[in-house]
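We're numbering straight along the sequence, starting at 1. In what follows, every heavy atom counts, from backbone to side chain, and hydrogens, waters and symmetry copies are set aside.
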Amino acid sequence: TITVIFSRPVVPLVTTGQQADLVQPLTLSPNVSGHGEWVNTSIYLFHPDKPLPGGTTFTVTVKPDLKDVTGSPLSAPYSWTFSTIAPQVLNVSPAQNQTLVPLEEPIYIQFNQPMDHQSTQGALAVTDTNGKAVAGKITWDQNDEQLIFTPSSKFALGTTYRLSLTAGAHSASGSAALSNPFSQAFTTVPYPAFVSSEPANGAQNVYPGSGVALLYNAPMDPKSFAGH
């Protein structure tokens, strides 16, 4: 919503049904579809029909022929500019250089605003250590602010993958490009291997009842230990 407050009454007090007959004092460049309302005689609100496009500079101008209720014109033309925030990546999972990533873990990319599906998906790349693209399915949350990449098959054990998103990704409400493109790596869980035990092999004078702990290099399935 764009709000303009004037120093004196510009329109008379009217009923809600008479709002359409009142002067509309603003022009926007680039043009924005929407509707305005006077909340009193000197405060005007403009409501865009849809969210303003990201990464865009707007100029708002008060019409130079605007007059107050006494017929006095503006003392001088008035305009101002403002810019909307550009599309940004807020969070990525798995994180940069994360290890022990589960083999069926989806990739999540969270944005600060709704994104254009076609350009964003075209700017995304998930590749293995040989640079080969990883096949997968892309879905979005209901607000078009989170992209979810689910691999068609499990990631390989102990493998480093690279996730990249270029500036070719655009906002859903305009052509503004992603302001923080990135390229980062993550590594999946390795083949399971025993690391150490507590008490250690050959330990002596172990306190009775202290229990036994086994340390592995990756998360293990507790059920798989039954009978072993």
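A search for side-chain contact (heavy atoms from CB on, under 4.5 Å) contacts involving His35 returns His47, Asp49, not counting sequence neighbours. Scanning for ring pair (Phe, Tyr, Trp, His ring centres under 6.0 Å) contacts around Tyr78 gives Trp80, with sequence neighbours left out. Listed by chain and number, the residues in a salt bridge (Lys or Arg N to Asp or Glu O under 4.0 Å) with Asp68 are Arg8 (sequence neighbours excluded). The salt bridge (Lys or Arg N to Asp or Glu O under 4.0 Å) search around Glu104 returns Lys154, not counting sequence neighbours. For Ala123, the side-chain contact (heavy atoms from CB on, under 4.5 Å) criterion is met by Leu165, Thr166, Ala169, not counting sequence neighbours.
Note on Ile148 and Phe186: separate hydrophobic clusters, where clusters join Ile, Leu, Val, Met, Phe, Trp and Tyr whose side-chain heavy atoms are under 4.5 Å apart, directly or indirectly. With hydrophobic clusters built from ILVMFWY side chains whose heavy atoms lie under 4.5 angstrom apart, Val23 shares a cluster with Val60. Residue Phe182 is grouped with residue Tyr161 when hydrophobic side chains (ILVMFWY) are merged at heavy-atom distances under 4.5 angstrom, including chains of intermediate members. By the criterion of side-chain heavy atoms lying less than 4.5 angstrom apart, applied directly or through intervening Ile, Leu, Val, Met, Phe, Trp or Tyr residues, Leu22 is grouped together with Phe6 in one hydrophobic cluster.
Checking side-chain atoms of Ser171 against main-chain N and O of Met115 turns up no donor-acceptor pair under 3.5 Å. When atom types are taken as modelled, the side chain of Asn130 and the backbone of Lys132 share no donor-acceptor pair closer than 3.5 angstrom. In this structure, Asn112 contributes its side chain and Ala86 its backbone to a donor-acceptor pair below 3.5 Å. A distance-only check finds a donor-acceptor pair linking the side chain of Thr84 to the backbone of Gly55 [under 3.5 Å]. Checking side-chain atoms of Gln146 against main-chain N and O of Phe111 turns up no donor-acceptor pair under 3.5 Å. Of the possible polar contacts, one joining the Gln98 side chain to the Ala95 backbone as a donor-acceptor pair under 3.5 Å is found. The backbone N or O of His170 lies less than 3.5 Å from a partner atom in the side chain of Ser119, making a donor-acceptor pair. A donor-acceptor pair under 3.5 Å is absent between the side-chain atoms of Lys63 and the main chain of Thr27, judged by distance alone. The main-chain N or O of Pro12 is never found under 3.5 Å from a side-chain atom of Trp38 such that the two would form a donor-acceptor pair.
Closest heavy-atom contact between Pro94 and Glu105: CG-CG, 4.5 Å. Heavy atoms only, all atoms of each residue included: Pro106 and Pro151 are closest at CA-CD, 4.5 Å. Contact detail for Val92 and Val89: the closest heavy-atom pair is CG2-CG1, 3.6 Å. Closest of all the heavy-atom pairs between Glu145 and Trp140 is N-CE3, 4.4 Å. Looking at every heavy atom in both residues, Ser79 comes nearest to Thr59 through CB-CG2, 4.5 Å. Considering every non-hydrogen atom in both Ala167 and Pro181, the closest pair reads N-CB, 3.7 Å.
For the pair Ser173/Leu52, no side-chain contact is recorded, criterion being any heavy-atom separation below 4.5 Å from C-beta on. Looking only at side-chain heavy atoms (C-beta outward), Pro30 and Phe58 come within less than 4.5 Å of each other. Annotation: side chain of Phe149 is not in contact with side chain of Ile109 (no heavy-atom distance under 4.5 Å). For the pair Val14 and Asp21, the minimum side-chain heavy-atom distance is 4.5 Å or more. The shortest side-chain heavy-atom distance between Val62 and Leu26 falls under the 4.5 Å cut-off.
Rounding to the nearest 0.5 Å places CG of Leu45 at 9.0 Å from CD1 of Ile5. Note that CG of Leu157 and CG of Leu103 are 5.0 Å apart. Values are rounded to the nearest 0.5 Å. Atom CD1 of Ile138 sits about 5.0 Å away from atom CG of Leu124, to the nearest 0.5 Å. Note: Tyr108 OH to Asp141 CG = 11.0 Å, rounded to the nearest 0.5 Å. Residue Asn143 holds its CG atom at 12.5 Å from CD of Gln113, rounded to the nearest 0.5 Å. The structure places OG of Ser33 at 6.5 Å from NZ of Lys50, a figure rounded to the nearest 0.5 Å.
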Would you check, one step at a time, whether the test side chain to side chain contact (heavy atoms under 4.5 Å, CB included) holds for Ile2 with Phe82?
CA-CA 11 Å; Ile2 298 172; Phe82 66 90; 4.0 Å; yes
Step-by-step side chain to side chain contact (heavy atoms under 4.5 Å, CB included) determination, Ser42 to Asn40:
CA-CA 6 Å; Ser42 59; Asn40 60 29; 3.5 Å; yes
List the steps, then state whether side chain to side chain contact (heavy atoms under 4.5 Å, CB included) holds for Phe46 with Val4.
CA-CA 9 Å; Phe46 178 80; Val4 184; over 6 Å; no
Given the rule in the side chain to side chain contact (heavy atoms under 4.5 Å, CB included) test, do Val10 and Leu66 qualify, once you have shown the distances and angles that lead to the verdict?
CA-CA 8 Å; Val10 176; Leu66 184 69; 3.8 Å; yes
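Atom NZ of Lys67 is surrounded by 12 or fewer heavy atoms from other residues, nucleotides or ligands within 6.0 Å.
Counting only residues at least two apart or in different chains, side-chain hydrogen bond (donor to acceptor under 3.5 Å, both in side chains) contacts with residues 180-189 comprise Thr160-Thr187, Arg162-Ser183, Ser164-Ser183.
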